[in-house]
Amino acid sequence: QVQLQESGPGLVKPSETLSLTCAVSGYSISSGYYWGWVRQTPGKGLEWIGSMSHSGSTYYNPSLRSRVSLSVDTSKNQFSLNLRFVTAADTAVYYCARGSSGWSHLDYWGQGTLVTVSS
Amino acid sequence: DIQMTQSPSSLSTSVGDRVIITCRASQSIDNSLNWYQQKPGKAPKLLIYAASSLQSGVPSRFSGSGSGTYFTLTISSLQPDDFATYYCQQSYSNPTFGGGTKVEIK
């Protein structure tokens with residue numbers, strides 16, 4: 001059974017970098033599929049942040065592209081999100097997910113982690 | 001970005017009722033449309049992909065249809081476990097989600 005688990009700080013200061021990691025079990029991320037991040041806020045709903053193929057190609061939401069980077073650590077079977085220069089608007093529940101058929105549909109999700117941006 | 005509009009935003013209904021949720025895209029997305037169910041405090045769960053394909057393990061009372069700009073999610077006979085919020089998502093271009101439809105108990 002594929003499982004994803006987010007980890008990282010729950011509180012980040014404005015202008016700093018939000019860093020989250022998603023540990024994957026039950027499947028080797030280097031074997032296939034796409035892997036990425038979605039966030040959810042009461043105001044904007046669900047928002048795709050970015051995704052990456054198992055071979056390392058990355059795709060970012062144009063509205064966040066200048067601040068986002070994704071990376072993968074195949075030795076630990078995990079992937080990571082960095083979001084720079086955060087503001088209160090980046091406060092959200094962040095989910096990692098697996099994409100099937102490219103990043104077509106998301107068939108496995110982490111449980112989500114709340115990140116609050118505040119001084 | 002392609003905008004996804006769901007209706008209604010909420011509905012009150014009873015166990016056993018037939019429920020239909022609609023999702024409209026701001027431009028044609030062929031059949032690149034997925035449906036998710038989300039319960040409070042939980043991650044979304046994939047129900048339907050490619051407009052009408054049932055995800056493995058999802059009960060057959062859920063079905064999807066549509067193409068182009070108009071799509072529907074139908075729950076043939078609502079069960080107690082189905083009270084939740086439902087989202088559509090397009091995968092034709094940079095993924096975007098609808099605003100959600102909350103299905104509540106009447």
Side-chain angles (χ1 to χ4, degrees), chain A residues 1-7 20 22-24 26-27 33-53 57-66 68 70 92-115, chain B residues 1-10 21 23-26 29-58 62 64 66-67 71 73 84-102:
Chain A
Q1 174 74 346
V2 179
Q3 292 185 313
L4 292 82
Q5 175 75 53
E6 305 91 349
S7 62
L20 295 174
C22 182
V24 179
Y27 188 84
Y33 292 97
Y34 277 61
W35 307 88
W37 298 88
V38 173
R39 68 182 182 181
Q40 185 171 29
T41 62
K44 292 189 69 176
L46 290 160
E47 180 181 33
W48 167 67
I49 299 171
S51 50
M52 61 192 305
S53 70
S57 299
T58 53
Y59 308 86
Y60 298 127
N61 187 322
S63 69
L64 299 169
R65 180 176 289 129
S66 64
V68 171
L70 303 188
V93 176
Y94 286 76
Y95 295 100
C96 59
R98 187 181 86 166
S100 286
S101 300
W103 188 247
S104 167
H105 50 277
L106 310 179
D107 58 357
Y108 288 95
W109 296 65
Q111 86 279 9
T113 186
L114 173 63
V115 179
Chain B
D1 281 358
I2 298 175
Q3 308 302 315
M4 307 302 294
T5 304
Q6 288 183 235
S7 62
S9 57
S10 66
I21 299 168
C23 179
R24 291 181 186 272
S26 59
I29 57 170
D30 295 338
N31 72 333
S32 301
L33 191 283
N34 311 307
W35 291 97
Y36 300 85
Q37 175 195 68
Q38 187 178 35
K39 296 181 179 179
K42 300 294 187 182
K45 172 188 173 183
L46 179 66
L47 300 175
I48 302 284
Y49 63 94
S52 60
S53 295
L54 191 67
Q55 174 68 357
S56 175
V58 174
F62 291 93
S67 66
F71 301 86
L73 172 70
T85 301
Y86 294 84
Y87 294 93
C88 61
Q89 174 239 326
Q90 64 82 16
S91 56
Y92 185 81
S93 65
N94 291 330
T96 50
F97 293 83
T101 297
K102 187 174 184 179

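With a 4.5 Å cut-off on non-hydrogen atoms, B:Q90 does not touch chain A at all. For B:Y36, the part sitting under 4.5 Å from any heavy atom of chain A is the side chain, from C-beta outward, and nothing else. With a 4.5 Å cut-off on non-hydrogen atoms, A:V93 does not touch chain B at all. When heavy atoms are compared at a cutoff of 4.5 Å, B:N94 approaches chain A by way of both its backbone and its side chain.
A:Q40 CD to B:Y87 OH: the interatomic distance, rounded to the nearest 0.5 Å, is 4.5 Å. The CG atom of A:L106 sits 15.0 Å away from atom NZ of B:K45, with the distance rounded to the nearest 0.5 Å.
B:Y49 and A:H105 have parallel rings, their planes meeting at less than 30° on a 0 to 90° scale where 60° marks the start of perpendicular.
At most 12 heavy atoms of other shown residues, nucleotides or ligands fall within 6.0 angstrom of atom OH in B:Y92.
Interface check for chain A: of the options B:N34, B:D1, B:L33, B:T96, the most heavy-atom pairs under 4.5 Å are formed by B:N34. No other option in B:G98, B:A43, B:P44 has as many heavy-atom pairs under 4.5 Å with chain A as B:P44.
For the residue pair A:W103 and B:S91, the shortest heavy atom distance occurs at O-CB, 4.4 Å. Closest heavy-atom contact between B:K42 and A:Y95: O-OH, 3.3 Å.
Put simply, the side chain of B:Q89 gets close to the backbone of A:S104: a donor and an acceptor are under 3.5 Å apart.
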